[in-house]
Number of protein chains: 4
Amino acid sequence: MFFASDNAAPCPPAIMDALVRANEGFAKSYGADAHMARLRDTIRTLFDAPEAEVHLVTTGTAANALSLALYTPPYGAVLCHRHAHIAEDECGAPEFFTAGAKLQLVDGVDGKISADGLIAALEGADRSVHAVQPSCLSLTNVSEAGTVYTPAEIAALAKLAKSHGLGVHLDGARFANALATTGATPADMTWRAGVDVLSLGGTKNGLMAAEAVVLFNPAKSWELELRRKRAGHLTSKMRYVAAQMEAWFEGGRWLDMAAHANAMAARLAAGLHAIEGAELLYPVDANMLFARLPDAAHARAKAAGAQYHEMGDGTCRLVCAWCTTDAHVDALLATFRG
Amino acid sequence: MFFASDNAAPCPPAIMDALVRANEGFAKSYGADAHMARLRDTIRTLFDAPEAEVHLVTTGTAANALSLALYTPPYGAVLCHRHAHIAEDECGAPEFFTAGAKLQLVDGVDGKISADGLIAALEGADRSVHAVQPSCLSLTNVSEAGTVYTPAEIAALAKLAKSHGLGVHLDGARFANALATTGATPADMTWRAGVDVLSLGGTKNGLMAAEAVVLFNPAKSWELELRRKRAGHLTSKMRYVAAQMEAWFEGGRWLDMAAHANAMAARLAAGLHAIEGAELLYPVDANMLFARLPDAAHARAKAAGAQYHEMGDGTCRLVCAWCTTDAHVDALLATFRG
Amino acid sequence: MFFASDNAAPCPPAIMDALVRANEGFAKSYGADAHMARLRDTIRTLFDAPEAEVHLVTTGTAANALSLALYTPPYGAVLCHRHAHIAEDECGAPEFFTAGAKLQLVDGVDGKISADGLIAALEGADRSVHAVQPSCLSLTNVSEAGTVYTPAEIAALAKLAKSHGLGVHLDGARFANALATTGATPADMTWRAGVDVLSLGGTKNGLMAAEAVVLFNPAKSWELELRRKRAGHLTSKMRYVAAQMEAWFEGGRWLDMAAHANAMAARLAAGLHAIEGAELLYPVDANMLFARLPDAAHARAKAAGAQYHEMGDGTCRLVCAWCTTDAHVDALLATFRG
Amino acid sequence: MFFASDNAAPCPPAIMDALVRANEGFAKSYGADAHMARLRDTIRTLFDAPEAEVHLVTTGTAANALSLALYTPPYGAVLCHRHAHIAEDECGAPEFFTAGAKLQLVDGVDGKISADGLIAALEGADRSVHAVQPSCLSLTNVSEAGTVYTPAEIAALAKLAKSHGLGVHLDGARFANALATTGATPADMTWRAGVDVLSLGGTKNGLMAAEAVVLFNPAKSWELELRRKRAGHLTSKMRYVAAQMEAWFEGGRWLDMAAHANAMAARLAAGLHAIEGAELLYPVDANMLFARLPDAAHARAKAAGAQYHEMGDGTCRLVCAWCTTDAHVDALLATFRG
């Protein structure tokens, strides 16, 4: 009963097999290998973006912070949701990579920036020399509350941002889950909605350690490469990172895995709904949910060995992974029900 | 005939097996897993350093730059060899991680800092407020010229550095090769010689992507952890990084692999010695050598598909890996001989 | 009728005379002159702090950002009021000087951090590796709302901060005004209350450009000096900065000027109180006040040439300077009254 | 007998008078005053550059570091002379302001970058992702050796730099002295020769503290303003900085003062030439010279109270100021002669 995080899950056998297959003989380092070349093509095709540039890193924090640095000068500000991962969970990585820009926190219910919140932030910004200048909007899909933006919602926010001269970043640590929820195409969820750069996360959806920065504006590519190297994120044996992601895309595996995780969260939500005294804090759009439960329910679950984050006042976060099963979910629900 | 770099080699089967074995069920993320705990103990034992702290990253640049940041404030200087990797091959990572410290380049033949060079740098340093303050000595073993410092040489340089208040970092991207050359213990090559922090490299010696920062002063551990997270180098599924390194140490595998690579370089050096017009630029202490060869020799080798770095004026770098064979070496020599 | 800012006022003749007197012959540069030596002694005596170190800069932003950098590592956070000058008016200088630390905004009415707000920030801080670590408390006295902390209030907040391991900075851009309001001694307002470093502002109280960083922990002095030089804030002809401040302290001139400016604000507040439809937004403790006035009042004042900041919704900021006169105040009130 | 530095000299009366005149009533802060407006026009006229933007700071280090930051990204390199002020005397300010770029040191005799040295640096630069990218050339006129580049020399170096895509910065801490030496116009020495941004120094030539950043590419102006504020270099009472410089340009005063200082250095050089055992290290082009003298000569001079920098091996630096007199020079020479 492990619901603490999708980043604690193992990799599916197909990924391990791909690693073993990639482990043949010498291969050029730093991304000049055949896996990387094929992966780049695959992503371009999947996103219907033949000009896009793709660069790999091994953590979501790196993907996010590097992306933001491309669109935010030191005297700039990133607009993001008050509870965004970049604001709360990266120990200041955006500030480090941008050389000291600010994050400007925007409000919005259910973990999603609202148009009103964004308008207030953009129009209320002090554009004098005494203040940092709003430079980049960062959205997260799936959001930190487990909710999902539709392509139309992203497009509306991106349009506002662009009308004020901002770049648009999408933190897609759980991008596949958002696609699975909405049925949107990768292109509709990103560049067609105005996204300039995507952190495309694989690690939370079954990969060992692989995240892609997808640049829809290829003019930023060389800068990204230099910043990546300088940050120590240019993996020498890149073939192993690329190979993971190749296998992940193969036959739509990434979406199947995400859809499964989402389905497990839906099952869990349905079960919680039926529990007296249990309450869901946000809509359950993807593979992660937040609930309030009676103390006794938590006590039973913990006693039974369930692992998940408690956040005070009876609230908790429950995350389903590609390998979470009906049995896992039902067992957890059973402990909660008592 | 691939002699371009040891970072283009595959991993030995034992490493892949370890990864597959580590891929069982859920495991706590961010280093709270059992592999990491065991690896920490292993390293403490190997280094006879029960208090040492161990933190993993996935690139040598990250290990180096994070280590340097612990000992070098923004208004400080790192003293390193004129041709050190940190000076020439990391796109300014030390400057990034230290928030703008300087590298002060020190001279010395055969890629090694000489005592005289270090004394000149230390005593010649401007200690007024107009200059950055020497803060950290960074040595590289195996050096960028393929030569090896003995523990006594390291101790002499570290003593000089410490008498001027500097910290001491050892870039051990090829640490195992240096141990294999000298037969020194890990402890003698590091903390007993005055080293405060070691970048212990696994990637160039058969691992997929695994480097350890070994802190002999555990008081710096929390700072290292925060800087690592902030730099995007806290891998979530740490078990896979730790598992690689566990298997690497198992039964002395790391030293066996390094010794083999060193032996291949020695074989190559002996062969080059016998070639009319070939010249070795530096002593061949480990698994990497630099040579000057007639143009015709290069032309034949390249025509035959040999891969290695040419550096102008007939010079080249040739690196042997854990999986380089006698046959590879002899084939390369044959093309050179014509 | 200039009420836009105290930094738009001229200098009193005594300051200009001091500059002219300092302009005799050659003097050692970078602070090795006699004016600086005397000023250091004067400040030590005034603060009853014989060990304090004093370093001059020429802007308040520099004094603040340098001070914060001494107590806040890049992976740290500065706790400050939501509307602190360092948060809203310095274009990210604290982030720049700290190499990317965060400002964590604390609530509190009337521009002052409340004990409850501080406790919430300290106890609610995520102390895991995923978050920046609270490192420094920055208070502003006079606050950005024109209110004043008593020494006891500062001591209570500093005690809380120190119990969590934070350093304490006081932004005293209008420090003299706060002393004039409370009658407190410099020592009681600073180190006896737990302040580690003070930005002692002269420019807003009659100087041309002179601010002192007063370090009550002299162990930080050399670091401050190096950071100051590196930031381009080590003025070569320091005698002119020191001479301004010498003349300012002479015979209690700094406190007299501050008391006068405070009295002018009190007169203005009293006059506003008597105006139908006028409203003061905060207690008027020092030389700066915030008011809401009918549109017609603003229109009359502006038409008559009055200069001050309007902040929307009929609100405005009115600042009195050392040279503001009864006549200036009465004239402004007359236009408001119509 | 003060020859330690031109930054230890007082200001001429005209400057003090201008300050006193500027000290009338309230004036808008942060550069919105009438002095700044007039000064901007004056500089545009003097440089025959009606589009140039002018921003003031109070130290040369700030002017240089801010200028470099406009043309050098964090992953870039500034090419400068091995002994440039930015390399040796600013405690890493360029690294701080650029967020960690490197200075790449270029050789050249007599303190001036040679075309060969620059070509070697440009063509030898590693343009791979593993190295920082040459981004800006910084020249110093008057050089740190007291020599002067002609406009033609600057143009030749700037052309080389631009052919490789670099920006061109001129550190003109002693710009007026270089103009006085060559008789060149400000335009010929700067933008007509390919200079993009000039640090125009006033402090070493008689001002209290005033340096102008002159941007010949006005598109960089807003970025400069934000960086200046963020660095704490936006002086609030800017009128006093602008007024100094206004008075300096008045009637060609800046050039007269510089010409006088140059003449004093020439007189000193001529006198040294006649001293047995004295030797000039570089051509004496402006107001600063470097000499080697017998120990006895130094001993006599020091005993007589002469102040100047000794640099080891009998060498010293002697700087003449706008207020150095024939009598000062002759007195120093007399002590040297014994």
Side-chain angles (χ1 to χ4, degrees), chain C residues 2 4-13 15-16 19-20 22-30 32-33 57-66 89-93 95-97 99 203-204 207-209 225-241 307 321 323, chain D residues 2-5 7-13 15-16 19-20 22-30 32-33 57-66 89-93 95-97 99 203-204 207-209 225-241 307 321 323:
Chain C
F2 199 101
S5 178
D6 33 10
N7 68 23
C11 305
I15 303 302
M16 303 309 288
L19 282 174
V20 171
N23 192 45
E24 277 299 312
F26 288 86
K28 285 193 178 162
S29 44
Y30 302 118
D33 62 281
V57 293
T58 56
T59 71
T61 296
N64 286 339
L66 285 167
D89 289 294
E90 301 188 350
C91 196
E95 288 87 347
F96 179 36
F97 282 68
T203 312
K204 285 185 157 72
L207 300 188
M208 188 177 282
E225 289 194 70
L226 289 160
R227 287 188 181 273
R228 179 178 61 166
K229 171 66 196 178
R230 177 177 181 76
H233 283 289
L234 178 57
T235 299
S236 56
K237 299 184 177 176
M238 191 71 84
R239 56 169 144 172
Y240 299 107
V241 188
Q307 298 201 40
C323 56
Chain D
F2 200 101
F3 293 84
S5 179
N7 68 24
C11 306
I15 302 303
M16 302 309 288
L19 282 174
V20 171
N23 193 44
E24 278 298 313
F26 288 86
K28 284 193 179 162
S29 44
Y30 301 118
D33 62 281
V57 293
T58 56
T59 70
T61 295
N64 286 339
L66 285 167
D89 289 294
E90 300 188 350
C91 197
E95 288 87 347
F96 179 36
F97 282 68
T203 312
K204 284 185 158 71
L207 300 188
M208 187 176 282
E225 288 195 71
L226 289 160
R227 287 187 181 273
R228 179 177 61 167
K229 172 64 197 179
R230 177 177 180 75
H233 283 290
L234 178 57
T235 299
S236 56
K237 300 184 178 177
M238 192 70 85
R239 57 170 146 171
Y240 299 107
V241 188
Q307 299 202 39
C323 57

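Hydrogens, waters and symmetry mates play no part in the numbers below; they use all other heavy atoms, side chains included. Reminder, nothing fancy here: chain letters follow the sequence lines and each chain counts from 1.
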Check your understanding: By a 4.5 Å heavy-atom criterion (distance strictly below it), what part of D:Leu66 contacts chain C: side chain, backbone, both, or neither?
Key -> neither
Exercise for review: State, to 0.1 Å, how close C:Thr59 and D:Thr235 come at their nearest heavy-atom pair, and which atoms those are.
Suggested key: CG2-CA, 4.2 Å
Revision key, fill the gap. Okay, C:Ala4 and chain D: the region with an atom under 4.5 Å from a heavy atom over there is neither
Review point. Nearest heavy-atom pair of D:Gly25 and C:Pro10: which atoms, and what distance?
Key: O-CD, 3.3 Å
Study note, to complete from the structure: The residue among D:Arg228, D:Arg227, D:Lys229 that forms side-chain contact (heavy atoms from CB on, under 4.5 Å) with C:Cys91 is D:Lys229
Exercise for review: Could you pull out the closest heavy-atom pair between C:Asn23 and D:Met16, with the gap in Å?
Suggested key: ND2-CG, 3.3 Å
Point to revise | Residue part contacting chain C, namely of D:Arg239, when any heavy atom lies under 4.5 Å | key: side chain
Point to revise | C:Asp89, part contacting chain D, at a heavy-atom distance under 4.5 Å | key: backbone
Review point. Just how far is it from atom NE2 of C:His233 to atom NE2 of D:His233, taken to the nearest 0.5 Å?
Key: 3.0 Å
Point to revise | Residue, of C:Ala22, C:Ala8, C:Ser5, C:Ala62, that accumulates the most heavy atom pairs under 4.5 Å with chain D | key: C:Ala8
Practice item. Please flag which part of D:Ile15 lies under 4.5 Å from any non-hydrogen atom of chain C: side chain, backbone, both or neither. Key: neither
Practice item. Let me know if D:Ala231 has heavy atoms under 4.5 Å from chain C in its side chain, its backbone, both or neither. Key: both
Practice item. Measure C:Met208 against the heavy atoms of chain D and call it side chain, backbone, both or neither at under 4.5 Å. Key: both
Review point. What part of D:Thr58 lies closer than 4.5 angstrom to a heavy atom of chain C: side chain, backbone, both or neither?
Key: side chain
Review point. Which atoms of D:Asn64 come close to chain C, meaning under 4.5 Å heavy atom to heavy atom: side chain ones, backbone ones, both, or neither?
Key: neither
Review point. Which heavy atom of C:Thr61 sits nearest a heavy atom of D:Gly232, and at what distance?
Key: CG2-CA, 3.7 Å
Review point. Does C:Lys237 use its side chain to pair, donor to acceptor, with the backbone of D:Leu207 at less than 3.5 Å?
Key: yes
**Study point:** Winner by heavy-atom pair count (cut-off under 4.5 Å) against chain C, out of D:Ala9, D:Ala99, D:Gly60
**Key:** D:Ala9
Review point. Which answer fits D:Tyr240, side chain, backbone, both or neither, if we ask what part of it has an atom under 4.5 Å from a heavy atom of chain C?
Key: side chain
Review point. Relative to each other, are the rings of C:Phe97 and D:Phe96 parallel, tilted or perpendicular (30° and 60° limits)?
Key: perpendicular
Check your understanding: Who among C:Leu234, C:Asn7, C:Asp33 has the most heavy-atom pairs with chain D under 4.5 Å?
Key -> C:Asn7
